[in-house]
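Sequence positions, counted from 1, serve as the residue numbers for this chain. Note that the coordinates shown come from a computational prediction; the quantities given were computed from them, not determined experimentally. Whatever order the structure lists ligands and atoms in, that order sets their numbers, starting from 1.
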Amino acid sequence: MTALTESPAWQNLASLAEQIKTQHMRDWFAADPKRAEKYTRAACGIELDFSKNLITDEVISALQTLASDCQIAEKRDAMFAGEIINHTEKRAVLHTALRNFSGNPVLVDGEDVMPEVLACQQKIEKFVASVHNGELKGYTGKPLKEIVAIGIGGSFLGPKIMSEALKPYWFDGVKVHYVANVDGCHIQDVLASVDHEETLVVMSSKSFGTQETLQNTLTAKAWFLNAGGTQQDIAKHFIAVSSNIKAATEFGMAEDNIFPMWDWVGGRYSLWSAIGLPVALTIGYDNYRALLQGAFEMDEHFQTAPAEQNLPMILATLGVWYINFFGAQSHVLLPYYHYLRGFPAYVQQLDMESNGKRVSGDKTVTDYETGPVIWGSEGTNGQHSFHQLIHQGTVLIPADFMLPLNVPNQDDTHHAMLASNCFGQTQALMQGKTFEECKADLEEKGLSKDELDSLATHKTMPGNKPSNTFLFDKLDPKTLGSLIALYEHKVFVQGAIWGVNSFDQWGVELGKELGNQVLDKLVNTEAALNFDASTNQLIAKFRQANG
Ligand SMILES: O=P(O)(O)OC[C@H]1O[C@H](O)[C@H](O)[C@@H](O)[C@@H]1O
C-alpha cells in the first residue's frame, strides 16, 4: 500500500463510505429541512448547492482532514509563489500571474514576470482596438473582419469555448473562426467562407512545433498567396502567439506580429495569455479584461477562503470521495445553457490531461484511482439520451449541473422550461422512485399482479445519485472567468491529494512522436515497414488507396 491509502485520513474515509452506502439522501432531506441551506456556498457570483451529495458533516470534515494532511494549502501557495512544481519538466506553473491584478510582483527565478505580462496585455489591447476601429487594414486597404484562429489543444479549446460562451458580448463587425484539426476538411471549409483581403490569421502555438497547427497555417498561407496576396503582404494578414519567437520568425512571421508567452504557462492553462487574443478580438478588450478579473477573484477566493467555504476545495474533495471510495470512474458536466455547450469538452482537456496520471511524487505507482473520465453536453439534450444510464445504470456518475438565472434576449417560456428540466433532473437523481411508488402509479391501470411486479421493477429508480448545482445570475465575462478558474483549482487540489504532477503530459507527447514516425512511412511510400503487424497493415492499406 502507498502512504496515502495507509494514512489514517484515508482509512477513516473508507470506513465512513461503508456506512454512507447504507443510507439514502431522501431520508436526510426529510430529516433536515435546512440541508440545502447548510450545503450551499457562494463566491465570485457563483452559487454552489452541493446538498444533493452523499455527505454528512462527518464526511465533510474527514475530507478536509485528508486535504489538510496532503498539505493542499502549502502546495497551493507554492504554485502561486512560482516554485518549480512541474518537477518532471522543471517549470513553474504560473497561469495565475496572467490574471494577477493585485499589483504584487510574481517571481520566477528571482525575476518579476509581471512587467512582461502587463506589456503583453497592453499589446493585445492596442491590437484589438486597431482591428475593431478599422485602423489595421489588409493589403488591399479593406478592414480585417474575418479572424481565422489556428491552434490545437490548449491553444484552441479554451479560447473557443470562451468565445462561444460569450456570444451575447460579441463585437459587431468581426467574426472569429477556430480551426484545430489537421483534417483538411475543416480549414478548407473555413477558408472557402472568407475573403482573403479581409482575413487575419492568428496562429497560436506555444511550441511553434505542433504538426496540426503548422500544417493548417501553411495551407492558409498557400490559399492567401494563391488568391492574389504576395509574400510581402503576409505580414498584414498573419500573426502568431508563441513562446518560440525564433521558430515563428523563421516561419516568416514579422517579429512585431508575434505575441509572446512563457514556459511557465502550461498549454491547457494558456487561455489567459495572448493565446486568448482571438477571444479579445471576439468580445473586445474590456470584456476580455473582465474575464481575467473574474479568474483573479477566484484565485483570491481559493487562496483565502477557509476549507468549508472554499469552492475549489469542496468540489475537489467531493470528487475524491466518489472516485476513491465509491468507485466512480467518470464525472458528467451538464450546462443548461446553449452557449456554454463547449464547457464539458474544455474541462475534459483540463482535467484528463492534468490528472490522467499514475505516478505519485517521484516514482511511486499509485494503488488508487486518479483523474476520472470527464464528459457531458448541454441540457436538456442529454435527458433524451444518456441520462437514462445516470438514472438507472449500474455505474455511479456524479454530475455538475449549471444554469444562468438570467439569459440575455431569452424568451421567458423557454428559460423556465430549461430551468425546470435542470432542477427536475437533480431531484430525480437524488430521490429516485421506489418500487412501491411505481406500483401505486401502475395499480390504477388494471395490470395483473405479475405484470405489475415486473413493470414496477423496471421502473424503479434507486436515486441517491450525487449532483452539484451551480447557479449564476448571468454568464457574463467575469463570471465565466471565475467558473473556469474554479475548475482549474479543483483539478489542482485533486492532483495535489493524489500526489500526481498535474502539469506534464507525457502520454500526449508519445502520441505526437509515433504519429510523426508513421507519417514518414506514409509519405515515403517505398520505406520498409518495421512496426507491429497491425500498424504495418494499416499503413499498407493507406498506401494502396493513395498510390
Ligand atoms: O501550443 P502548442 O505548442 O501548439 O501545443 C498545443 C497542444 O499540444 C499538446 O497536445 C499538448 O498536450 C497540449 O497541452 C497543447 O496545448
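Ligand 1 has an N or O atom lying under 3.5 Å from an N or O atom of G154, backbone or side chain. Taking distance alone, with nitrogen or oxygen atoms compared against 3.5 Å, Q349 stays at or beyond that limit from ligand 1. Looking at ligand 1, you won't find any N or O of T213 less than 3.5 Å from one of its N or O atoms. The shortest N or O to N or O distance between Q505 and ligand 1 is not below 3.5 Å.
Ring planes of H489 and F302: parallel class, angle under 30° (limits at 30 and 60°).
Relative to the six-membered ring of F251, K221 meets both conditions, a distance below 6.0 Å and an angle of at most 45° to the axis.
Under a 4.0 angstrom heavy-atom cut-off, K512 registers as being in contact with ligand 1.
For ligand 1 and S155, the ligand atoms under 4.0 Å from any heavy atom of the residue are 1 (O), 2 (P), 16 (O). Close contacts between ligand 1 and I152 involve ligand atoms 6 (C), 7 (C), 16 (O) [criterion: under 4.0 Å to a heavy atom]. Numbered from 1 in the order shown, with element, the atoms of ligand 1 that lie under 4.0 Å from a heavy atom of S207 read 2 (P), 3 (O), 4 (O).
Scanning M261, E353, E509 for the heavy atom closest to atom 14 (O) of ligand 1 points to E353.
Residue H237 holds its NE2 atom at 11.0 Å from CG of L225, rounded to the nearest 0.5 Å. Of the inter-residue distances, the one linking L98 atom CG with M114 atom CE reads 8.0 Å to the nearest 0.5 angstrom.
At the shortest separation from atom 10 (O) of ligand 1 among protein heavy atoms lies V508 CG1, 3.3 Å. At the top of the distance list for atom 5 (O) of ligand 1, counting protein heavy atoms only, stands T210 OG1, 3.5 Å.
Remark: side-chain polar atoms of D109 are not paired, donor with acceptor, to backbone N or O of E111 under 3.5 angstrom. At distances below 3.5 Å, not a single donor-acceptor pair connects side-chain atoms of T2 with backbone N or O atoms of D367. Of the possible donor and acceptor atoms, none in the side chain of R91 sits under 3.5 Å from a partner among the backbone N and O of W264.
Around the CZ atom of R76, the shell of radius 6.0 Å holds more than 12 heavy atoms that belong to other residues, nucleotides or ligands.
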